[in-house]
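Input: a single structure, listed below in structure tokens.
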Amino acid sequence: MKNISFRNRMILILLGLSLPLLWLSFALAESYFLRETARQNQQTLRLVISGLKGALLRYQPIPALLAEKQNIVSLLSNDLRRVPVKTINEELKRISNDVGASDIYVIDAEGNTIAANNYDKKLSFIGKNFAYRPYFTQAMKGESASFFALGTTSLKRGYYFSAPIKLDGRILGVVTLKITLEGIEQNWKGNTTEIIATDRHGVIFMSSREDWLFKSFAPLSHEAIDEITNSKQYPIDKLGTLNASVESSSISQADLVNVPAPPDKQQSGNAYFAVSNLMEEAGWRLHVLSPRADASAQAYTVLALSTLAVLFIASIAAMIFWRRAQLVKNMQLQRIAQEQLEHRVQERTNDLNEANKKLKLEVHERTQAETQLRKTQNELVQAGKLAALGQMSAALSHELNQPLAAVKSYADNAKAFLKRNNLERAEENIGHIAQMADRMAELGTHLRNFARKPKQAIDIVDLDTVITAVNQIMSARLKETGASLQIKKPSEQLLVKGGLVRLQQVLVNLVNNALDAMQDSSDAVIDIHISADDEHVEVEVRDYGQGIRQDDINAIFDPFFTTKGVNEGLGLGLSISYNIVQDFGGSLSARNHADGGAEFTLQLQRAQAAQRAAE
Ligand code: ADP
């Protein structure tokens, strides 16, 4: 039991419970169908009896009526006026046809038939003696009688009605009317339910089954056999017994009749569920027998249906259990998957924590490296400052020493001329001293410019104004050197972002450098080419000098870088210009022109674009 799953156990229990239920349903169904069979058989029985009664009652009064007919009475009397037998025969024939009787005949007191409807037939009753028939003997006693028998002449089963023919209290003979019941019997055939009629001895004289005719359920008594033999009621050789057992059942006063298979025949025996009733008028018992197997078959059908229903319910239950088991299994799988997922997440979290630790370490190292870098940078900046300071000191001492030496010598000269009272020469030398002082003051101005405030206000400047100012500032030197500016610019007004004076300072510086580069040529030309797009304005200043040495091209914007001699350049012009342009959000770059000469490109932001950017 341990190996059987809960589901299978439940199915077994269900099946176990359903077995007694099935048995009960079979028993109930069988009893129901038996009751139903009994009820139907009773109904059939009532119909059969009323059919038979109807047939018999129809003919019963006819012989008595015929017996009273004058011509029939006179036939048996010695009446001289009697009608010819032939006429009576004819009349009997007509009446027989009219009422649907098989035969009608007149028998005299000795039992001889003297008139009959079948007078003209080959098997005519005329001349036949029926003194042995009970219907004759009884009628001769003055009573109407009836009798069922096999016709000895016709060999047809028939029912005989007879009535005495009386004249003045004497019984002259008997009128007999015979009917066949084969038509009625024929109606009983054709289905599994058997209908039989037995007489007072229990002999089956009408039957839906041919092989049961003239048989009885139980063997006949000797008296009965003698009586039948004497009356020639049935052919003796056909009499026999079915050896049927009859048990009364508890259902609807029905009997269980068991007819065993006859020893000499191939037919199988059969069990019947039977009802019967007495038909008092004729002294007959009518039986209706239905095969018990029919009810059983119906009960088996119910059993089969019940079994199917049980199986159906069991399969639905199995299905429900199966679905439930699947659900449980799926949930288990889901739980396992979830656990695996959680496990994996935990693993990942651990990995992440590990990676996080590493990252933190790296960040720490980076921070340290950055601090170190910044420290190094600061040191470098400090070193750069010191280098610049050194460079500046060298340049300044270079620039100052020379006028100071000159001042010293002019002062010495002035002193000497004053001693000699040469005031004119003394004044001349003092004038030189004043000039030297001016030069040194100019140097001071340059240095101030270099040390200018980086963030001065930035305006919008008309480039035309700047160019005009540059022309004016440079006019004296241009005139002196015979050089000229060749300016190309678009006709539109170009507003740029910057400061007017500082922009002038930049351009003046570029023009001065260009003139310095071309001081050997007599009619030097400086091209100033201005162009603009939506965003920028470019000012290119090109000369036709020797150009910038390739080695110097990266250094020319450094402060104090100069290739010029003492008193010719401090090396601050381009450095200052570069920073000014940077302040304006523009740029200054230098290159050598492919056709010779240096070309400086000053790029400035257009005022509109600058405004938009500011917005
Ligand atoms: P300075 O003019 O006092 O030397 P700048 O900073 O103006 O200082 O110029 C630095 C150097 O750049 C110059 O000494 C010179 O060597 C070089 N330079 C500037 N302009 C030109 C030019 N138009 N042609 C050739 N070299 C130039």
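Ligands are counted one by one from 1 in listed order, and the atoms in each one are counted from 1 as well.
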Sub-4.0 Å atoms of ligand 1 with respect to non-hydrogen atoms of [X]:
X: Ile556; result: 12 (O)
X: Ala514; result: 23 (N)
X: Gly569; result: 1 (P), 3 (O)

Quick one: look up the protein heavy atom nearest [atom] and list residue, atom name and how far away it is.
atom: atom 25 (C) of ligand 1; result: Gly547 O, 3.5 Å
atom: atom 4 (O) of ligand 1; result: Thr562 OG1, 2.4 Å
atom: atom 2 (O) of ligand 1; result: Lys564 NZ, 2.7 Å
atom: atom 15 (C) of ligand 1; result: Thr563 OG1, 3.3 Å
atom: atom 10 (C) of ligand 1; result: Phe561 O, 3.1 Å
atom: atom 26 (N) of ligand 1; result: Ile548 CG1, 3.9 Å
atom: atom 23 (N) of ligand 1; result: Asp543 OD2, 2.8 Å
atom: atom 24 (N) of ligand 1; result: Ala517 CB, 3.4 Å

Item to check | Test log, rule salt bridge (Lys or Arg N to Asp or Glu O under 4.0 Å), inputs Glu365 and Lys358 | outcome: CA-CA 10 Å; Glu365 283 171 1; Lys358 276 186 192 161; over 6 Å; no

Working to the nearest 0.5 angstrom, can you tell me the gap between [X] [atom1] and [Y] [atom2]?
X: Gln346; Y: Asn353; atom1: CD; atom2: CG; result: 8.5 Å
X: Asn512; Y: Leu507; atom1: CG; atom2: CG; result: 11.0 Å
X: Gln550; Y: Asn592; atom1: CD; atom2: CG; result: 6.0 Å

Between ligand 1 and [X], is the shortest N or O to N or O distance under 3.5 Å?
X: Asn513; answer: yes
X: Ser575; answer: no
X: Leu574; answer: yes
X: Gln546; answer: no
X: Gly571; answer: yes

Checklist entry - Of the backbone atoms (N, CA, C, O) and the side-chain heavy atoms from C-beta on, which set of Leu570 has a member under 4.0 Å from an atom of ligand 1: side chain, backbone, both, or neither? => result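 Contact part for Leu570 vs ligand 1: backbone (N, CA, C, O).
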
Checklist entry - Tell me, do Asn513 and Val541 make a side-chain contact under 4.5 Å, heavy atoms counted? => result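 The answer is no; the side chains never approach within 4.5 Å.
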
Checklist entry - Do Asp464 and Lys489 have side chains that get closer than 4.5 Å, going by heavy atoms? => result yes

Item to check | Plane angle bin for Phe26 and Tyr300 - parallel if under 30°, tilted between 30 and 60°, otherwise perpendicular | outcome: tilted

Next on the checklist: Just checking Glu427: does its CD atom have more than 12 heavy atoms from other residues, nucleotides or ligands closer to it than 6.0 angstrom?
Outcome noted: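 It does not: Glu427 CD has 12 such atoms or fewer within range.
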
Checklist entry - Is the count of non-hydrogen atoms from other residues, nucleotides or ligands lying under 6.0 Å from Phe33 atom CZ greater than 12? => result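 Yes - once you tally the heavy atoms of other residues, nucleotides and ligands closer than 6.0 Å, there are more than 12.
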
Checklist entry - In terms of side-chain heavy atoms, does Tyr544 have a donor or acceptor partner in Asp527 at a distance below 3.5 Å? => result yes

Next on the checklist: Can you see whether Glu339 engages His343 through a side-chain donor-acceptor pair at a distance of less than 3.5 angstrom?
Outcome noted: no

Next on the checklist: Walk me through whether Met474 and Arg477 qualify under side-chain contact (heavy atoms from CB on, under 4.5 Å).
Outcome noted: CA-CA 6 Å; Met474 293 307 298; Arg477 193 177 172 192; 4.3 Å; yes

Checklist entry - Can a non-hydrogen atom of Asp552 be found less than 4.0 Å from any atom of ligand 1? => result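 No heavy atom of Asp552 comes that close to ligand 1.
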
Checklist entry - Closer than 4.0 angstrom: is that true for some heavy atom of Gly545 and an atom of ligand 1? => result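 Checking ligand 1 against Gly545, which is what was asked, there is no heavy-atom contact under 4.0 Å.
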
Checklist entry - Quick one: does atom 18 (N) of ligand 1 have a protein heavy atom under 4.0 Å from it? => result no

